4 protein chains.
Amino acid sequence: MANKTAPDASRRSERSRRAIFDAALSLVGEVGYDKLTIEGIASRAGVGKQTIYRWWPSKAAVLLDAFTQDVEGYEAGLPDTGDLAADLKFVLRATADEFNDEKWQAPYRALAAAGANDAELSARFVERLLEPGIAVYVNRMRAAQEAGEIGPEVDVRVAAEMVLSPFSQRWLMRTGELTYAYVDTLVDMVLAGLRPRASA
Amino acid sequence: MANKTAPDASRRSERSRRAIFDAALSLVGEVGYDKLTIEGIASRAGVGKQTIYRWWPSKAAVLLDAFTQDVEGYEAGLPDTGDLAADLKFVLRATADEFNDEKWQAPYRALAAAGANDAELSARFVERLLEPGIAVYVNRMRAAQEAGEIGPEVDVRVAAEMVLSPFSQRWLMRTGELTYAYVDTLVDMVLAGLRPRASA
Amino acid sequence: MANKTAPDASRRSERSRRAIFDAALSLVGEVGYDKLTIEGIASRAGVGKQTIYRWWPSKAAVLLDAFTQDVEGYEAGLPDTGDLAADLKFVLRATADEFNDEKWQAPYRALAAAGANDAELSARFVERLLEPGIAVYVNRMRAAQEAGEIGPEVDVRVAAEMVLSPFSQRWLMRTGELTYAYVDTLVDMVLAGLRPRASA
Amino acid sequence: MANKTAPDASRRSERSRRAIFDAALSLVGEVGYDKLTIEGIASRAGVGKQTIYRWWPSKAAVLLDAFTQDVEGYEAGLPDTGDLAADLKFVLRATADEFNDEKWQAPYRALAAAGANDAELSARFVERLLEPGIAVYVNRMRAAQEAGEIGPEVDVRVAAEMVLSPFSQRWLMRTGELTYAYVDTLVDMVLAGLRPRASA
DNA sequence: AGTTAAGCGAGACGGTACGTCCGGTCTTACC
DNA sequence: GGTAAGACCGGACGTACCGTCTCGCTTAACT
C-alpha cells in the first residue's frame, strides 16, 4: 500500500498539523463539507498544499483526524447509580445536547456522509468515533445484566443499538427533534423488552 | 425563491428526462457518487448540460428523482397473517435482501450521504423514500395494536424506528451484516418490550 | 446553394425587420461587436431567434444590413467648384467628422473587422459601403482630369486610394487623429504628384 | 489595474510558452480566427487552460505574442542604393510577397480585425508590428530627403503612409491584388508629388 | 368568409466554449 | 528533508450562445 517513500514523521511540523486541524474545523463550519477544499484549508492554515497531501489522503481524512483530536478522551465517565434507566437517560440526554450543538453538526454530519461513500474512511470513523460511543452503553448494559436487571439471554450490543440508532438516525436524517422526552421514551421502550422473563 | 424565469414544463422532453435517469443510475453504479458528474450524465444521456441544469439544481437531485422514479409504488404489499413477529421478519428480510443488492447500494448510500449535508435534499429524500418505507411498519404495528398484540400505550412510530434504525444504521455505517438471523433477533427484542402489560 | 426552401419574402414582417436593425445598432454601440449576440438582438427586438436566422446568416450580415439601411443614399452630393483641392478637402473634412462620430465607430469598425476574416462579408461590405465612398472621389478626380487639372496618364482610382486609405487606416488602427490639418496636408501632398507634367 | 495577485514570472514554463505559440499559430491557420479557441490551443499544446489564462487575457493577446515572437527582428535590412524609387519598389514587392503568403494571412488578418474592436490590443499590434514596418519606409525617405531627392517641406511619415496604407488596405479589404505592377505604380505616383519644387 | 400555410414569438434542445475552481503533482527556495 | 509557495496538467463546474427544432398564434393569400 505504502508506495511512495513514507515521510519521516519525526520531522513533522506540529505547528502545521494543528493549524490544519483548526482551519479544517472552522472552514467546514463556515462553508459546509462540499465546499471545503484542500486549497482552502492550506490557505487558511498558512500551509503549503503538499504538506496536507503528504500526511492525509483526502479532505475527509483530515477532517476525521481534526475532529477526533478535538473530542478524544471524552468517553471517560459513565455513571452507574444502580438505576439503569436513569443512567441511560442521563447519558443520552447529554449526547442529545452534544448533537444539538451547532459546532458538532457540520463535521460530524460530513464524516457520517463521507463514510457512507467510502468504506475505508467509514471504518476509521466507526472505530474512532462511533464504537467508543456505543461501548459506553454496552458496558453499562452488561453491568446491568450481571446485576440481574437485564435478562441473561439479551444481546446487549443489539440492545445498545436499539437505543442509539433510532436516536442518531433521527438526527442524521433530520426526521425529528432530539428532545429529552424522546430520549426518555426511547430508553423506557427498549428497557421494557429487556427485563428478565418472569421466572415463575 | 424562483428567480430565473421558470422553464415551461409542458414542453419538456420526456425522452431526455428518461435518458438522464438511466445515465445517472448506471453511472453512479459504475464510478460511485463522488465521481459522478453532471457532464458525465449529460454525455452518457446524449443531452446538453443545460437540459440537466434547467430541471435540477444538483446531481443529488437528479439522482433522487432517478431513484424514486425507479422504485415508486413498491410499497404496495404488507402482509398481515395475524402473527406480527412473523410478518415483520418477513418484510425486514426482504428489505435486507434489497439493501444487500449491489444495484441499490450506490444510489441509496449516495442519497443518504448527500442528504446529511443538504437539509432540503434530505427532506425530499426522507419524504419520498424513507417515510413510505417506515409507514409500512407503522401501519402493520398499528393494526397489531388494535388487535391487542401490542400495548395501547406504545408509540408505534418509535417502535418502528427501533426496528428500522438499527437495521439501516448497520448498513449505512457498515458496522455489521444484515443477515436473517440479525433481523429475527432485532424483531424479537423489540417486540418483547411492546407486549401488553400483564393484566393487573 | 439555396438548399432550404427559401422563405417567402412577401410575407415578411417589416416591423420585425426594423426592430432587429434598431436592436443590432443600439446593442453594438452598448456592448461592442464581440459581445453582440443573436440572442441579445432577438431579445431586445422582441423577436424570435428564428426570425433572424431565417433572413440573415450571421450577426455580421445583420449589422451590415442595419448599417447600410441607416446610411443609404448619403453619397448624393459631391461638390465641383472647379477647385479640386478645395473640393476634396471639403468632402474629406466631412468624412472625418463622420468617422469621429461615436455612433459610427462601433458598427463600422465591427464590419471592417468582420470583413477581414470573412471574404464573402467583406465583398458585400466593400460593395455597399466602401466603393460608393471611393466613387465620389474617383468621379471628382476624373472630372478634374478632363478639366486638365490632373495629368491624363494618372490612374485616378489609385490616386483616390492615396487619399482615402491613409485616412481610413489611421482611423481603423488608431495610429493618429483625423484632424482637418491632417486632411489638408494629405490632399495637398497627393495632388502635388498629380499635376500635369510641365509640357515645356 | 492588476487586481489578482500577479503570477511569478520567474517560475514560468518556457516549454509551455513555446507550445502555446506553436499551437496558436498552427490552429489559426487551420480553422481561422473565429473558430480558434483557448481550449483548442490548450489541448493542442498539451497545456492546462489555466496556464493560458494565467499569462494572457485573450486569444488575441496570445496570437499577437505568438506572431511577433515569430517575426521579431525581421526589419533589419532596408537597402539604400541611392535610387529611392527602386529601393521602395524593392521593399514593397517583398512585402507584397509576404502578404500574399498564406501562412501570414490568417494571423495577420485576425490581429488587424481584433485590433479594430479592442483599443488596447490595437495599440500593442501597432507598436509591435505596424510601426516597425512603417519605420523602414520613413527612414529610407528621410535619407532621401537629406540627399535632396525629396523636398525639405515634405512630412515623410505621411508620405510613407501614402505608400503603405493603400497597399495594406487593398489587402485587408480584398479590394485588389497586390501585384508588382500595382506596387510600382503606387510608388511612382507618390514620389511624383515629393520631388523638390522647381527651384527659383 | 373560410381555409390554409407561412411567418412569427417563444423557448427547449444538443452542443461547444467560456472563464473559474480545485485536485493532485512537481519544482523552487528556505530553514 | 520538511516546508510555504505556487506553477503546472487535467477536468468539472455552472453559464452563455450557437444554430435547430418544435409549439401555438397570428396573419396574409387563395380558394
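All values derive from a computational prediction rather than experimental measurement. Order of the sequence lines sets the chain letters (A, B, ...), proteins ahead of strands, with each chain counted from 1.
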Starting from [atom2] on [N], measure out to [atom1] on [X] and report it in whole angstrom.
X	N	atom1	atom2	answer
B/Arg15	F/dT22	CZ	C1'	14 Å
A/Ile52	E/dT25	CD1	P	13 Å
D/Arg17	F/dC8	CZ	P	12 Å
D/Glu39	E/dG15	CD	P	16 Å
B/Asp8	E/dG9	CG	C1'	13 Å
A/Asp34	F/dA12	CG	C1'	14 Å
D/Arg12	F/dA5	CZ	C1'	19 Å
B/Ile41	F/dG11	CD1	P	18 Å

(request) Look at the side chain of D/Gln50 and the base of E/dC21, then say whether one donor and one acceptor between them are separated by less than 3.5 Å. (result)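 Present.
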(request) Confirm from the modelled atom types if B/Lys49 and E/dG14 form a donor-acceptor pair under 3.5 Å, side chain to base only. (result)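 Counting by modelled atom types and ignoring angles, no donor-acceptor contact under 3.5 Å is found here.
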Tell me whether [X] contacts the main-chain N or O of [Y] through its side chain, where contact means a donor paired with an acceptor under 3.5 Å.
X	Y	result
B/Ser122	B/Ala116	no
D/Thr68	D/Leu64	yes
C/Ser43	C/Glu39	no
D/Arg109	C/Asn117	no

(request) On DNA chain F, check which nucleotide each of C/Arg11 and D/Gly48 is closest to and give me the residue with the more 5' one. (result)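 The residue closer to the strand's 5' end, by nearest nucleotide, is D/Gly48.
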(message) Using heavy-atom distances to pick each residue's nearest nucleotide on DNA chain F, tell me which of D/Gly46 and C/Leu36 is more 5'.
(response)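 Final value for this comparison: D/Gly46.
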(request) Starting from the 5' end of DNA chain E, give me the residue, B/Ala45 or C/Ala42, whose nearest nucleotide shows up first. (result)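 The residue closer to the strand's 5' end, by nearest nucleotide, is C/Ala42.
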(request) Would you mind telling me which residue lines up with the more 5' stretch of DNA chain E, C/Ser13 or D/Pro57, judged by nearest nucleotide? (result)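 Nearest nucleotide further toward 5': that of C/Ser13.
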Are any of [X]'s side-chain N or O atoms less than 4.0 Å away from OP1 or OP2 of [N]?
X	N	answer
C/Thr37	F/dA16	no
A/Trp56	E/dG24	no
C/Arg54	E/dC8	yes
C/Trp55	E/dA6	no
C/Ser16	E/dG9	yes
C/Thr51	E/dG9	yes

(request) Consider the side chain of A/Ile38, meaning its heavy atoms from C-beta on, and name the nucleotide among F/dC18, E/dG23, E/dC18 that approaches it most closely. (result) E/dG23
(request) Dump the intermediate steps for side chain to side chain contact (heavy atoms under 4.5 Å, CB included) on C/Val28 and C/Phe67, then the final yes or no. (result) CA-CA 11 Å; C/Val28 85; C/Phe67 196 62; over 6 Å; no
(request) Among B/Lys59, B/Arg124, B/Arg17, find the one that has a salt bridge (charged side-chain N to carboxylate O under 4.0 Å, His left out) with B/Asp65. (result) B/Arg124
